[in-house]
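Naming: A, B, ... by sequence-line order, numbering from 1 per chain.
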Amino acid sequence: MYQVNDNKITRLIRLKSGPAMIEVSDYSDSLVVKVFKDCLSVSDDEELTSYVTQWFDLERDLSEFYRLLEKTPETRHFSQEYHGLRLMGIVDLFEVLCWCVIGQQINLTFAHKIKTRLVHSLGDCVNHDQNTYYCFPEPEKIISADSSMLAEMQLSKQKISYLKNISEAFVSGALDKQKLLNQSSEQQLLQMQTIKGIGQWTSNYAAMKCLRNMNCIAYGDTGLSAALHKYFSTEKKPNIVTIDEIFRPFEGWKSYFNFYLWKSLG
DNA sequence: GGCCAGGACTCAA
DNA sequence: TTGAGTCATGGC
């Protein structure tokens, strides 16, 4: 879906007016976004700025988070080691939820393979500079996709059912990013969990990566458990009470703390 | 060959 | 509310 070369990231995104190839690079202390599109209207321009801002979480001042990290001996070094690292987002709520389902209880290498098959098979694409770039498939594409074809991608029957549930929820409007953004963080999680296939882990992951809810914790996550065991000498699979205790000082920054703990696993 | 992986569901007690 | 069983298969 995207390429990273020479400190530049290139990808195809979907604007309301249609797909657009973009290239993001850094210049001094800012980001430069180059658009490969014949003409860009004013509304496209605003949408694009909003997209990149959400993607990289650009509008957040991380200094308070680093102050909190400094106060925590076990993970004090994070503030230097990962200084400036932002919680990379997945702007498309549908995509992040599908990605969570695909990745449930399988290793990431395998999960990436399945996602690639799905995107190559059902996603819109554009050829650019000798590469093919893909958008994540739209819900309608997954609804109309033959289940046996999805099974050939090595999605389990359960996951196919979950993906279709989620797709239906987007088409019907039961799930909608803008609507969720108007709700409280607790309501956001509960609303997502009404869809079969979306549990505690998935809803928290989506809320942190897409809705930019800053107090999410991926409870039950194996990577998070491993990091907490490593730095805080918890049980190998700490319970919710233990996790909450460790995260308590990071009120308002729990998602970031979770993200940095993941990062620390390499 | 066996355990584990960026879980979630159902069902029983 | 909690725990065991089930799904499902590649990676190591």
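Counting only N and O atoms by type, the side chains of Asp244(A) and Tyr219(A) include a donor and acceptor under 3.5 Å apart. Residues Glu152(A) and Ser148(A) have side chains that never bring a donor and an acceptor to within less than 3.5 angstrom of each other.
Scanning residues 231-258 of chain A for heavy-atom distances under 4.0 Å to DNA chain C yields an empty list. Taking a 4.0 Å limit (strictly below) on heavy-atom distances, residues 114-122 of chain A does not reach DNA chain C anywhere.
A donor-acceptor contact shorter than 3.5 Å is absent between the side chain of Arg86(A) and the backbone of Trp55(A).
The shortest distance between side-chain heavy atoms of Thr116(A) and Tyr134(A) does not fall below 4.5 Å. Side chains of Asn258(A) and Leu87(A) form no contact here, defined as non-hydrogen atoms less than 4.5 Å apart. By the 4.5 Å heavy-atom criterion applied to side chains, Met1(A) and Glu95(A) are counted as neighbours. Inter-residue side-chain proximity for Phe78(A) and Tyr231(A) is flagged as met; some heavy-atom pair is nearer than 4.5 Å.
Residues forming a side chain to side chain contact (heavy atoms under 4.5 Å, CB included) with Lys196(A) (at least two apart in sequence, or on another chain): Tyr162(A), Asn165(A). Residues meeting the side chain to side chain contact (heavy atoms under 4.5 Å, CB included) test with Asn107(A), sequence neighbours left out: Thr109(A), Phe110(A).
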For every nucleotide of nucleotides 8-13 of chain B, 5' to 3': is a protein heavy atom under 4.0 Å from its base (B), only from its sugar-phosphate (S), or from neither (-)? SSS---
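Atom pair Asn107(A):CG and dC3(B):C1' shows a separation of 12 Å (rounding to whole Å applied). When the P atom of dG7(B) is taken as reference, atom CG of Leu108(A) falls 9 Å away, rounded to whole Å. When the P atom of dA5(B) is taken as reference, atom CG of Leu155(A) falls 20 Å away, rounded to whole Å. Rounded to whole angstrom, the span from the CD1 atom of Ile106(A) across to the C1' atom of dA5(B) amounts to 8 Å.
Separating the P atom of dG1(B) from that of dA8(C) is a span of 22 Å, rounded to the nearest Å.
Taking the 5' to 3' direction, DNA chain C first and last meets chain A under 4.0 angstrom from a heavy atom at dC7(C) to dG11(C).
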Would Met21(A) and Thr10(A) satisfy side chain to side chain contact (heavy atoms under 4.5 Å, CB included), going step by step from the backbone distance to the final call? CA-CA 7 Å; Met21(A) 283 298 311; Thr10(A) 310; 3.4 Å; yes
Determine whether Leu155(A) and Arg117(A) satisfy the following criterion, side chain to side chain contact (heavy atoms under 4.5 Å, CB included), listing intermediate values before the conclusion. CA-CA 10 Å; Leu155(A) 282 159; Arg117(A) 290 178 191 141; over 6 Å; no
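Classification of the Phe257(A)-Phe247(A) ring pair by plane angle, with boundaries at 30° and 60°, yields perpendicular.
Nucleic acid contact for Trp262(A): base, since at least one base atom lies under 4.0 Å from a heavy atom of the residue.
With respect to Glu251(A) and Lys254(A), a salt bridge is recorded, a charged nitrogen being found less than 4.0 Å from a carboxylate O.
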